[in-house]
K.L.:
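Pasting a structure below so you can have a look.
Each ligand, and each atom within it, is numbered from 1 in the order the structure gives.
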Amino acid sequence: MLTYSIDIKKSLISKSKIKEVDFKDLGFGKYFADHMFVAKYKEGEWISTEILPYGDILVSPAMSALHYGQTIFEGMKAYRNVEGGIQLFRPLKNWRRMNTSAERLAMPPVPEEIFMGGLIELLKIDHQWIPSGEGESLYIRPFYIASDTFVGMRPSNEYLFIIFTCPVSAYYANPVKVKLEKNFIRATPGGVGYVKMGGNYARSMLATELAKREGYDNVIWIDSQEYRYVEECGTMNIFFVINDTIITPPTSGTILEGITRESVIELAQDLGFNVEIRRLSKEEILESYQQGKLQECFGTGTAASISPIIKIGYDENIDIQLDDPKNWKYAPQLQKTLNAIRISAIPDRFHWIFPIS
Ligand SMILES: *Cc1c(COP(=O)(O)O)cnc(C)c1O
């Protein structure tokens, strides 16, 4: 087990709020655990690390993040394993990805000791908030924002790195219906598609809302150059199964490099499935559907894990309708195996598990 030496000031609450939580109806992101971790950076130095009661933070109206969007985040989960212990899934990947995001937005890196040391201490303090029901976990939201009080346009000199957590149930209970989005574009080459930054989500909300009005849950984004190649599904990476081959597009800058995506690829290869990482056009998807070769489609992400997609609105006249996911071969097996590894119900041959206690 990795340990981190970091001095954290602690101001803990006297009475937990956990009694107020309806664990039968956790939803996603409506309850917050008792504490949060806050680290402050100022002019080249990390000046404080603290665990405080979860609560509002006071910021200046001139705060840089609010105006210019130097704001990034991560999404990860703590699981209760079959023995009752607590553990993380590939957390160092989240730390590295946060720093890849930071670099793109000209923000200083967050040291491993602060990211991991703060997280581990927070989880130890709020361990009772990690639920143990099926599909349940403690969602972890680390985020990192520019906190300068300065309206001029330049990278901030001050930053806040904060972690809070929420007990959650499974994200999408039902298979989803998505619309192939042809008007709005999520990411462009040379841009920030691979960055987990606030602006990427702001720019995708209108398209998603319009799709919802048409009865879809989300959209499939396509590329900005040829308007043909599928990239992601909402805030998930996307996979198709055509002719018994699992296909997902290469990330190459416009696609968020999902840790679930990477794990699903490794698992699928390990299970002996055919996997291709290559571009996939909407025409190829339609054609394979019409030839009866399109077997499955699913999204992957920490929040939803693996989320079956049963309907794709291809255009005004064509809906791609897939078979009931209960009859699918690949996604359910990948989901089952991945979930079993996350709670140590099966051995972790990949060394993905990071035990906390
Ligand atoms: C977070 C995210 C994903 C999934 O990444 P994971 O590491 O698997 O959680 C995929 N696409 C977008 C746009 C995301 O923000």
Side-chain angles (χ1 to χ4, degrees), residues 28-29 69 71-79 88-102 104-105 115 119 135 137-144 163 165-166 168 170-172 176 178 181 184-188 191-208 211 217-224 229-240 248-268 277 297-307 309 331 334-335 337-339 341-342 350 352-354:
F28 198 95
T71 155
I72 59 181
F73 64 94
E74 274 302 319
M76 49 207 299
K77 281 176 172 174
Y79 301 90
L88 296 162
F89 183 79
R90 313 185 83 178
L92 291 167
K93 292 219 163 252
N94 295 93
W95 165 65
R96 282 194 206 101
R97 184 170 67 190
M98 168 157 271
N99 283 341
T100 303
S101 295
R104 179 64 180 82
L105 299 195
F115 188 102
L119 175 57
S137 56
L138 188 72
Y139 184 76
I140 300 163
R141 173 50 62 89
F143 69 107
Y144 186 29
I163 309 175
T165 66
C166 316
V168 299
Y171 192 68
Y172 287 118
V176 294
V178 300
E181 177 55 59
F184 299 103
I185 289 292
R186 192 190 92 92
T188 54
V192 288
Y194 67 99
V195 180
K196 236 173 156 65
M197 68 176 290
N200 276 341
Y201 306 85
R203 75 181 281 176
S204 69
M205 283 180 188
L206 177 60
T208 312
D217 301 296
N218 222 316
V219 300
I220 292 180
W221 301 107
I222 55 174
D223 80 284
S224 65
Y229 294 98
V230 295
E231 299 212 317
E232 296 206 57
C233 175
T235 59
M236 296 187 288
N237 293 113
I238 195 161
F239 288 74
F240 291 82
T248 193
T251 48
S252 55
T254 53
I255 294 178
L256 202 289
E257 293 189 20
I259 296 161
T260 319
R261 171 187 177 278
E262 193 185 316
S263 309
V264 163
I265 292 170
E266 279 183 60
L267 259 187
I277 299 166
C297 177
F298 55 92
T300 65
T302 296
S305 187
I306 292 178
S307 183
I309 295 167
L334 290 163
Q335 164 93 299
T337 314
L338 186 61
N339 290 351
I341 294 173
R342 282 172 168 158
F350 303 91
W352 287 341
I353 294 305
F354 186 105

K.L.:
Hey, does F240 have a side-chain heavy atom less than 4.5 Å from the side chain of V230?
P.N.:
yes
K.L.:
Using side-chain heavy atoms (C-beta onward) and a distance below 4.5 Å, is V264 in contact with F298?
P.N.:
yes
K.L.:
Does E74 come within less than 4.0 Å of R97, counting only side-chain N to carboxylate O?
P.N.:
yes
K.L.:
For S263, which residues count as a side chain to side chain donor-acceptor pair (under 3.5 Å) partner, sequence neighbours excluded?
P.N.:
R90
K.L.:
One line per pair, note the atom names and distance for all nitrogen or oxygen contacts under 3.5 Å between ligand 1 and the protein.
P.N.:
residue: ligand 1; atom: 7 (O); partner: R97; partner atom: NH1; Å: 2.7
residue: ligand 1; atom: 7 (O); partner: R97; partner atom: NH2; Å: 3.1
residue: ligand 1; atom: 7 (O); partner: I259; partner atom: N; Å: 2.8
residue: ligand 1; atom: 8 (O); partner: I259; partner atom: N; Å: 3.3
residue: ligand 1; atom: 8 (O); partner: T260; partner atom: N; Å: 2.9
residue: ligand 1; atom: 8 (O); partner: T260; partner atom: OG1; Å: 2.6
residue: ligand 1; atom: 9 (O); partner: T302; partner atom: N; Å: 2.8
residue: ligand 1; atom: 9 (O); partner: T302; partner atom: OG1; Å: 2.6
residue: ligand 1; atom: 11 (N); partner: E232; partner atom: OE1; Å: 2.5
residue: ligand 1; atom: 11 (N); partner: T235; partner atom: O; Å: 3.3
residue: ligand 1; atom: 15 (O); partner: K196; partner atom: NZ; Å: 2.7
residue: ligand 1; atom: 15 (O); partner: Y201; partner atom: OH; Å: 2.3

K.L.:
Are F28 and Y139 close enough that their ring centers fall under 6.0 Å?
P.N.:
yes
K.L.:
Check this for me, if you would: do E232 and R186 make a salt bridge, where the nitrogen-to-carboxylate-oxygen distance has to be below 4.0 angstrom?
P.N.:
yes
